[in-house]
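Inspection log for the structure reproduced underneath, given as structure tokens.
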Amino acid sequence: MMFKTLFSEHQLFYANNDLSYVKDINELPDELLARIFRYLHPIRDELPILAFVCSKWRDVLQTHGILWRHIYVDPNYFAIYHFSLLCSLFRNYGYHIQRLSWRESSPVFRSVFSLIPTLGNLRSLRLPILWTPEVLHKLSTLSNLEQVQINGGYELTDDELEQIAAYFPNLREISLNACWRITSNGVKRLLSKLPFLETVKLKLNSGLDINDRRSDDAIARGFGIARNIVDNSTVHLVKVLCIHFLPIEVDELWEIVNKLPCLKKLSISNCEYLHGVRLLSDSLVKVCLHNLWKVLFVSLDISSLRFLTVDVGLASIEHLEVTSDNLRKVNVNGSNVLRTMKIKSQKLTFLELKQCEEIEMRSFKETLRNNDKLVCLRLGCISHDSLTLDEYTVPNLQELCLLGDFACETLHIRSPTLRFIHVEAEMDIVTLNHMYITANHLCRVALVGMPALKMLTIQCVSVDSIEMNLCSDDQLNLESCVIHAMNAIGFLRFFDCNVNLLCISTPLVKTVVLYRCQMTDYTLQMVLAGCTKIAHLNLEKCRRVTNVALASPPLKFLNMYGCNDLHRLSLNNCPQMIAVNLGQCPNVKLFIRGIEQDLTTLCTSLQIVHPKEFVRWSHDFPPKPYICPIEY
């Protein structure tokens with residue numbers, strides 16, 4: 001069945017080829033079969049097992065190396081038998097594998113590791129294991145390696161670095177990660193003995209346990225590597241530099257970065273002598289800063305910078321200034337001490353700010369205005385109780401995400417380009433009381449996790465989807481909810497809302513779902529009066545509703561399941577009505593055009609779920625029925 005589906009999906013793709021004679025997947029040329037097989041993951045989808053289907057499939061698997069060229073192992077998705085399958089893959093198709101990588105911090109079993117030295121054509125290797133002398137000796141057969149990550153710990157010394165140069169002479173990229181016993185001299189000798197080397201990644205003291213008595217020596221050796229590597233003739237090879245637990249100061253950091261002309265990525269953490277970060281570079285693309293608790297300021301003038309992360313732990317930072325024409329993505333955690341910020345870029349499209357309760361509003365607004373290409377804004381705590389984002393501040397904003405620490409009580413959003421507004425997954429915003437949204441064409445408004453919201457106003461030309469209070473165990477008490485769409489609303493869904501005033505004004509609504517909402521008959525009639533053209537109306541378990549009168553010509557599906565107090569349902573002008581669900585409405589009386597109907601004898605084209613039935617409907621259009629357990 002899987003391959004029939006894949007085959008049908010490829011019919012259009014290969015429409016220009018003469019494949020009219022093909023009636024079975026096995027009649028396809030081998031090249032097309034291989035392209036279909038490429039949609040399957042080699043391990044999770046058990047690709048080697050397909051060799052048992054027929055000889056043709058076995059030949060395709062054996063002769064098309066592109067199916068096995070890159071193997072990525074993520075044990076989180078593996079069952080026990082997947083590791084046996086991986087061993088079989090190594091034995092039968094290992095000569096095709098060129099790149100092998102494991103998920104970080106995942107196990108590598110001995111039975112699997114013992115087969116890795118047999119992969120003679122392997123070009124890239126990344127294993128989350130400690131490179132002991134024994135491991136290095138076993139992997140010495142992989143003489144064609146061009147890219148490798150070395151995790152040395154306290155096992156790897158300068159002597160093993162020389163062996164690495166001898167065993168893998170064709171290396172083009174090497175990553176020295178958490179090698180705590182190597183020295184600057186060992187690194188220099190290693191680099192000088194690799195003639196084809198193009199990229200070096202130095203991750204100094206990564207993962208170091210400072211409680212270990214050997215950590216002081218490791219820190220000293222790492223600091224020596226950072227200072228001396230810049231005086232080497234191979235300085236242009238260093239593309240990634242990660243500095244952790246080094247006694248480095250502002251001027252020393254400035255000097256090191258300036259002497260690395262090809263440095264692309266810089267990561268700094270846990271450097272207690274660092275009181276500020278000031279960098280000037282023409283090559284850096286990515287900068288990450290975290291756990292620098294004594295840093296007071298960060299000033300970056302890097303024309304090539306694209307990604308900046310100021311993460312948790314900068315507990316003293318007061319000023320952030322970044323100038324880059326190519327900056328595209330910025331993540332800032334202000335640690336609730338950041339006061340001023342100046343970020344300017346012509347290409348910034350993504351900005352995340354959180355824990356910035358001390359930020360000056362003027363600085364915050366200037367940052368937004370200086371980056372008029374901003375498309376996505378993820379916003380956490382800022383200093384004011386009320387926030388206004390308008391078309392002058394964020395003229396091109398398309399997505400707004402409210403993070404878990406968002407602390408404003410009132411939010412005004414007025415942006416003609418806004419498409420998507422939502423709350424960070426699995427987070428509750430407990431302070432937001434009033435929200436006003438003005439936009440043109442909204443794609444989705446997902447307001448989940450706002451237990452304190454009292455007033456909501458949405459004005460737009462059209463909106464595809466509005467969802468409120470989904471997946472919440474608590475009832476949302478809305479004093480007022482006004483939604484005005486000039487053209488149409490596609491899908492509107494409220495869960496567990498106690499609404500005093502609900503006004504929906506729009507010419508056309510495709511689906512309205514008010515699930516377990518508490519409202520009076522008057523409130524419901526005001527909703528129906530504002531949008532007279534509804535195709536699917538779902539009032540499931542609205543238990544306070546007693547009298548419903550509908551006059552909506554486009555209405556096709558009406559779900560009143562579980563409205564226990566419903567006494568009267570009047571369908572006055574619903575010529576397109578297809579089905580009505582009256583399940584678990586024991587006291588309901590149905591009136592069609594003012595005439596009461598006998599539900600037991602009603603025999604029309606109208607499909608009715610009777611009051612004693614336990615048939616619920618989905619929220620799709622058209623809805624899908626399903627039998628639910630008996631409720632007591």
Side-chain angles (χ1 to χ4, degrees), residues 238-243 248-269 271 274-290 292 294-314 316-335 337-356 358-380 382-383 389 392-397:
V238 180
K239 304 292 178 62
V240 176
L241 179 62
C242 300
I243 299 174
I248 196 170
E249 297 183 0
V250 178
D251 295 338
E252 291 171 324
L253 178 62
W254 171 278
E255 181 181 2
I256 290 173
V257 173
N258 282 351
K259 289 185 177 180
L260 296 175
C262 298
L263 188 63
K264 300 296 182 184
K265 177 183 176 181
L266 176 65
S267 177
I268 311 173
S269 73
C271 297
L274 200 60
H275 295 277
V277 177
R278 180 181 287 111
L279 298 176
L280 177 64
S281 172
D282 293 327
S283 62
L284 271 174
V285 174
K286 186 175 183 178
V287 174
C288 302
L289 309 172
H290 61 280
L292 301 173
K294 291 187 178 181
V295 166
L296 298 173
F297 68 90
V298 174
S299 178
L300 308 178
D301 189 353
I302 306 173
S303 59
S304 57
L305 188 65
R306 293 189 178 188
F307 308 100
L308 171 64
T309 299
V310 179
D311 212 337
V312 66
L314 275 75
S316 302
I317 188 171
E318 294 185 357
H319 179 67
L320 172 65
E321 183 172 348
V322 185
T323 302
S324 174
D325 294 334
N326 295 296
L327 190 61
R328 287 168 169 79
K329 184 175 181 179
V330 175
N331 298 74
V332 176
N333 185 318
S335 299
V337 294
L338 182 66
R339 292 183 177 276
T340 57
M341 174 176 58
K342 184 178 180 181
I343 302 175
K344 189 171 184 179
S345 172
Q346 298 297 321
K347 298 181 180 179
L348 185 65
T349 58
F350 179 98
L351 176 62
E352 177 179 295
L353 298 175
K354 57 184 176 182
Q355 296 189 20
C356 295
E358 298 294 331
I359 193 78
E360 294 180 3
M361 185 56 65
R362 179 180 177 182
S363 174
F364 170 67
K365 290 293 184 71
E366 284 184 357
T367 297
L368 295 180
R369 281 192 287 266
N370 289 337
N371 298 277
D372 56 0
K373 298 295 191 299
L374 191 64
V375 172
C376 178
L377 177 61
R378 293 171 57 86
L379 197 57
I382 59 173
S383 56
L389 301 175
Y392 305 106
T393 309
V394 283
N396 293 294
L397 187 66

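All values below come from the heavy atoms of this structure, side chains included, with hydrogens, waters and symmetry mates left out. Residues: numbered from 1 along the sequence shown.
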Would you mind telling me which of [options] makes a side chain to side chain contact (heavy atoms under 4.5 Å, CB included) with [X]?
X    : options                : value
L353 : L338, V332, L368, N331 : V332
T367 : I343, T393, L348       : I343
S316 : L296, V295, L292       : L296

Should V287 and V322 count as side-chain neighbours, where that means a heavy-atom distance under 4.5 Å? no
In Å, rounded to the nearest 0.5 Å, how long is the span from [atom1] of [X] to [atom2] of [Y]?
X    : Y    : atom1 : atom2 : value
K265 : F307 : NZ    : CZ    : 11.0 Å
L300 : L320 : CG    : CG    : 7.0 Å
L253 : N258 : CG    : CG    : 9.0 Å
K342 : S363 : NZ    : OG    : 10.0 Å
K294 : L274 : NZ    : CG    : 10.5 Å
E358 : E360 : CD    : CD    : 10.0 Å

Once salt bridge (Lys or Arg N to Asp or Glu O under 4.0 Å) is applied, do any residues pair with K329, and if so which ones, sequence neighbours excluded? none
Residues which pass salt bridge (Lys or Arg N to Asp or Glu O under 4.0 Å) with E255, listed by chain and number, not counting sequence neighbours: K259
With sequence neighbours left out, write down each residue that passes side chain to side chain contact (heavy atoms under 4.5 Å, CB included) with S267, or none if nothing qualifies. C242, H244, C288, H290
For K354, what residues pass the side chain to side chain contact (heavy atoms under 4.5 Å, CB included) criterion, not counting sequence neighbours? N333, E352, L403, D405
Looking only at non-hydrogen atoms, find the nearest pair between [X] and [Y] and report the distance.
X    : Y    : result
L284 : S304 : O-OG, 2.6 Å
L327 : S345 : O-OG, 2.8 Å
C262 : S283 : C-OG, 3.9 Å
I359 : I382 : CG2-CB, 4.1 Å
C271 : I243 : SG-CG2, 3.8 Å
S303 : N326 : O-ND2, 2.8 Å

Assess whether side chain to side chain contact (heavy atoms under 4.5 Å, CB included) is satisfied between L241 and I256, documenting all intermediate values. CA-CA 10 Å; L241 179 62; I256 290 173; 4.0 Å; yes
When you look at [atom1] of [X], are more than 12 heavy atoms from neighbouring residues, nucleotides or ligands closer to it than 6.0 Å?
X    : atom1 : result
R378 : CZ    : yes
R339 : CZ    : no
K286 : NZ    : no

Pair R278, W254 - check side chain to side chain contact (heavy atoms under 4.5 Å, CB included), show working. CA-CA 7 Å; R278 180 181 287 111; W254 171 278; 3.7 Å; yes
Looking at S324 and I302, would you say the former's side chain and the latter's main chain have a donor-acceptor pair under 3.5 Å? yes
Under the side-chain hydrogen bond (donor to acceptor under 3.5 Å, both in side chains) test, which residues partner E366, sequence neighbours left out? R362
With a 3.5 Å cut-off and no angle check, do the side chains of K373 and N396 form a donor-acceptor pair? no
Apply the test side chain to side chain contact (heavy atoms under 4.5 Å, CB included) to residues L351 and N371: give CA-CA distance (whole Å), side-chain angles for both, the deciding distance (0.1 Å), then the verdict. CA-CA 10 Å; L351 176 62; N371 298 277; over 6 Å; no
Is there a side chain to side chain contact (heavy atoms under 4.5 Å, CB included) between L263 and S281 once you walk through the steps? CA-CA 9 Å; L263 188 63; S281 172; 5.8 Å; no
Just grab all the salt bridge (Lys or Arg N to Asp or Glu O under 4.0 Å) pairs involving residues 297-313, residues at least two apart or on different chains. none
